[in-house]
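Data block below; observations after.
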Amino acid sequence: MQATTGFSRASNQPLPAASTGRGQPFASADPADPVILAGVTRRYGGRRHGVQALTDVTVSFAGGTLTAVVGASGSGKSTLLQCAAGLDAPTSGTVRIGGTDLSGLSRRRLSILRRRQVGFVFQSLNLVPTLTAAENIALPLRLDGRRVRKEVVARLAEQVGISPQLGRLPHTLSGGQQQRAAIARALITSPDVIFADEPTAALDLATADGVLRLLRQAASDPRRAVVIVTHDPVAASRADRVLVLDSGRIVSELVSPDAATVAAVLRLGAQR
Amino acid sequence: MMSVLTASLRRPAPLIGSLVALTLSALIIVIATSFIGTGSQATGQVDRLAGAAVVVTGSQQLVVGAGDNAQSAPLPDYRTVPVSLAARIAALPGVQAAIADESFPVALTLPGGRVLTGTAATPLAGHSWASARITPFRLTRGTGPTRAGQVVVGSQLARQAGLRPGSQVRLAGQDLPALRVTGIAADGRPDAASASSVFFAPAQAAALSGQAGRADLIGVIARPGTGARALAASIRSALGRGYTIAAGAARGEVENPAVAGDDSDIEGLGGSAGADIIVIALFVVAGTVALSVSQRHRQFALLRAVGATGGQVRRAVLAELVALGVAGGVAGWLPGCWLAGLAVRGMVSNDLLPPGATAWMSPWLLFTAVMSGIVIGALSGLLAARRAGRAAPADALRDASAERRWPHPVRTALGLAGLAGSVALVVAITRSGAGTQQLGTALSLLLALLVTVALLGPLLAALAELALRVPARAGGVAGRLAMAAVRAQPRRMASAFLPVALGLAFAGTVYFLDATAGRTAVVQEGQRLTAAEVVTAPGPGLSPAALGAIGHQPGVRDAVGLTPAPITVTDQGLDTLAGEVVSGGSLPGVLSLDVTAGSLAHLRPGQIALSAVEASAGEMNVHVGSAIIAWLPDGSPYHARVSAIFARSFGFADALVPASAAAGHLPSAAIGQILVQTARAGPLAPGTLTAVQERFPGLQAASRQVINAQDQQLQSQTDYLNNMILAALVLLAAITVVNTLVMTTLDRRQALELLRRVGATTGQLLSATAWQAALVAGAGIAAGLAAGGVTLCTMTRAITGTWPYIPVSAGLAVIGCALALTLAGTLGPTALLLRRAGRAPG
């Protein structure tokens, strides 16, 4: 975890100047990057009373990296996640996943793309309550009409550590077990990117640690990007790169920071 | 997605509401189908004519006009054929015997005073002993009648009345010497024929029937080895057109022409009411399904986020509904069969069906139940499935229990269109005047109004909240909480109060329409009858001789005879009206009919009087002096000029014809009732009619208040049917209301839990729920009253020209029931939830 262009671990260093991000992504914009956002703006509501959740965000997430998106509440990090994952359409700008521009796709094609190339871990209510853990894990494959091999599911369950819980219904699993099952589900199609929305918010430290380790592991595949949205400095510190969001813009990028640095950044943002 | 579908069964709670609704609709459809089957089974039953392979009668259809303009209607009585036809048929090959049969209604009085009339569906009928072979009846005791004064009775009748050879009976209403029972005959089957047949010697039968030389039908007995169908074909080719030739099951319709043409029979009930109820069922199921889907909104959003296409989700929801439909069909089948059997038994005991009729049971009913469950489930779920498919995947990220922005433009537009349509319907009904399909028209209007209420539901919920906002503040925090919940989710409120409005409107309309009709009949009857006494006799009535006998009694100024007879006219189509045949004196002296044109003082041959409703522009469009053709019950045309138009016709008759014109064309020469006017105002002196009573056994005189026995029978028949429909509707409404409310209340489990943890006491939560229940009840009752009220007023003004008759007690009872059900459906589950939550830790 080398500090290359970024900041030392001292927390009294000033923040770097905010980049406007206009057309220039922070890191090198490699077209092979799994997820590329260019000039993405998302506005809710009309011209007069609307809310601009994202303003002109340009960023790319490279394969083999774990990126954390942090910010105060209302900063737009959930919106960024939704647009990047194709769950929501931006008001302007383009989003590319695995080289495919999402703006031209019909809803149906979008669903199919999501199913094959995007893995998602939600904050809560991750699993369909009427399906067992095994069935939930296999869900993206089932939706795609592909045959599901039991060994594949078993291997993933072993990887995430919920093998004994495969046959149980979600309401009998603990929060951590549900998150692990969700991660297994996110992995089963070998997607280009995994998005996680506050994955450790409802978990205790030990369980959170386990989940983050899994996400880290998932990011070790050079073709896959893992993006987590979090407000937890400890979770953010596990990432290769931390993007700080404020009022819908990316205001800074930290490279492999420690938890204290992230916390300081967040506090500063809250004060402003 | 099949595994997702079957997996839903693991947590069945959200599906139970839809299952209940689907079971209910399958149950009703099973009952309606069973009624249709029972009806066609009953008409297909061949009892009395079973011994005749082929039956020939005059053409039982009345056809008016020709070619494309031809209109036809079934005749209410037999079109007679000449007796000589029997000889012609007997000469054909394959015919062993051709027997002319003439039946006439009779009533017997026994020495103890007991009177036998048979049942309304199978009244007692007299025949010539020669036609006993048609059934065939065989003597089991005694001998056949050889001369006048001798009779043979059916075995069941003999058993019911305790008759045996040698017993003496008299014909009610006829001035004839007593008849002696010479024998008992049985047909070997447990059917109605042997309970309703009385056989006379041929000469007396001809005299009593009043139609010499003519027969109702010719029963053809085939030579052994001759097939019925071949025989029928050869007879048809020999006789040519103008005859009805029936073999096999078709003989059933010939056996009972009145039933075959009757509109208010059980088949019609199953068909028309059934169709309306199916539409209601669609509504109800759609409501519960929509609720069930919206409760699982987040799940569908999750599926969409994980990559399910909208089509996959839609298909899953529809597949789930189809499975629920099958389950509901199976669940509703047996209870439906049981209830249909119960209803048929009730109708038999109320004389609406012939005795021995049983509900139609068949494996087809199960098939119908399941198919209807599938169709209704899928149809009503289409919208909900579409909405599930469109669940925004982003909703999986947040607790999206907030509803979409309303007023939804399409829904509001449709609702306003529905309102416009309902208004147009009201105007059309008001302008068109009396409707013969009264209940059907009422239900259609009601449906249109309720569709409007359903579409404008959220708007109405918002209005109700606005109305209750200030009073709710008096309820403290509970009231505010309740109103806030309604403001935030008007659509959920709307789906809660719609069943209340539905149930109230339907039950209220059916009940009060009937109550109004009954009351109007009673009121008009009271105004109409000015005669001092009404003289009747059981069964067909009194012999015409009684008219003269009564007229000669001291103190009697005038005696007029009235006999009900169906008269067919051409108005909008071929319509069979309730008519009366007038014999004897001057009608205005005994009936005040509110004559608006012409005069009823003397009704001469070639004249006819019509009710104002029938003569109006929307119907026949005639006035005094117009020449029309009316058809008597046996199909004979009666060319007449309109001589009077009268207004007070409700519950009485729409057409009056003189007896001399109708003589020989009615099933019996008897007079239904004789209205007597005294010389001095006031009832007849007691004992005036004693001598007449001895001459004509069974004769009864009642003062003005007594209604004709036949009308009473008719009224109680209609009451039973209406009560049955009402009970069904009330039950349906109650179950629907409770089901929907329970679903809606349980849906608020999370909100309740949150409030409880924040510190609200059970009392506060229950009182908040009570306020919501009050709003739901209030909005539902108001909407139901509005829809039902508009329908009632429109229908009553169209049919009776009056405003609806709503006894205060009944009205309050209906509203009270709605309120009670709503409170039970909301407070009950809430209390249960709170008790369970209170026990759980945390």
Side-chain angles (χ1 to χ4, degrees), chain A residues 42 44-45 77-79 81-83 85-89 106-132 134-145 148 168-172 182 185-186 188-189 191 195-198 229, chain B residues 1-16 292-293 295-317 319-320 323-324 386-402 404-405 747 749-750 754 840 842:
Chain A
R42 182 65 170 104
Y44 294 107
K77 46 189 203 294
S78 284
T79 314
L81 197 68
Q82 287 171 37
C83 288
L87 291 177
D88 199 6
S106 68
R107 248 206 301 266
R108 190 171 168 276
R109 295 239 129 252
L110 209 55
S111 300
I112 296 175
L113 182 143
R114 260 207 309 280
R115 161 201 307 171
R116 294 179 185 164
Q117 294 174 266
V118 177
F120 219 108
V121 179
F122 299 95
Q123 183 174 348
S124 60
L125 281 129
N126 253 307
L127 308 174
V128 179
T130 53
L131 298 177
T132 63
E135 288 163 348
N136 265 295
I137 292 174
L139 193 54
L141 286 182
R142 271 258 156 70
L143 290 174
D144 220 17
V148 175
R168 304 238 299 260
L169 287 177
H171 71 276
T172 64
R185 177 192 67 209
I188 196 165
T189 51
F195 291 101
D197 183 21
E198 307 271 8
V229 163
Chain B
M1 296 298 280
M2 270 310 284
S3 55
V4 179
L5 163 70
T6 49
S8 301
L9 293 172
R10 294 180 191 146
R11 308 289 299 281
L15 305 176
I16 290 180
S292 157
V293 162
Q295 280 171 7
R296 290 179 289 161
H297 179 81
R298 199 139 174 212
Q299 261 183 62
F300 294 121
L302 173 65
L303 282 171
R304 294 272 289 132
V306 166
T309 61
Q312 282 176 314
V313 173
R314 255 200 317 273
R315 279 194 292 277
V317 171
E320 177 183 275
L324 279 177
R386 190 159 170 274
R387 204 177 294 162
R390 293 171 70 101
D395 285 349
L397 284 176
R398 44 174 185 262
D399 192 5
S401 57
R404 266 193 308 212
R405 240 200 9 233
D747 188 37
R749 205 183 336 200
Q750 273 183 324
L754 175 65

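Naming: A, B, ... by sequence-line order, numbering from 1 per chain.
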Note to self: With a 4.5 angstrom heavy-atom cut-off, is it the side chain or the backbone of A/R109 that approaches chain B, or both, or neither?
What the structure shows: neither
Margin query: If I compare all heavy atoms of A/V128 with all of B/L302, which pair ends up nearest, and what's the gap?
Written below: N-CD2, 3.7 Å
Notebook entry, point to check: Roughly how far, to the nearest 0.5 Å, is CG of B/L15 from OG1 of A/T130?
Noted result: 9.0 Å
Notebook entry, point to check: Would you call A/L139 and B/L303 a side-chain contact if the rule is heavy atoms closer than 4.5 Å?
Noted result: yes
Item checked: Approximate separation, where rounding is to 0.5 Å, of A/I112 CD1 and B/Q312 CD -> 7.5 Å
Next item on the list: Return the minimal non-hydrogen interatomic distance between A/S111 and B/A308, and the atom names on each side.
Entry: OG-O, 3.5 Å
Margin query: Are more than 12 heavy atoms, taken from residues, nucleotides or ligands other than B/R386, located less than 6.0 Å from that residue's CZ atom?
Written below: no
Item checked: Region of A/T132 in contact with chain B, defined by heavy-atom distances below 4.5 Å -> both
Next item on the list: Give, as side chain, backbone, both or neither, the part of A/L169 having an atom under 4.5 angstrom from any heavy atom of chain B.
Entry: side chain
Item checked: B/G307 to A/R115 - nearest heavy-atom pair and separation -> O-NE, 3.0 Å
Next item on the list: Please examine the side chains of A/R107 and B/R304, heavy atoms only from C-beta on, and report whether any two atoms are closer than 4.5 Å.
Entry: yes
Checklist line | Interatomic distance, A/L110 atom CG to B/T309 atom OG1 [nearest 0.5 angstrom] | finding: 11.5 Å
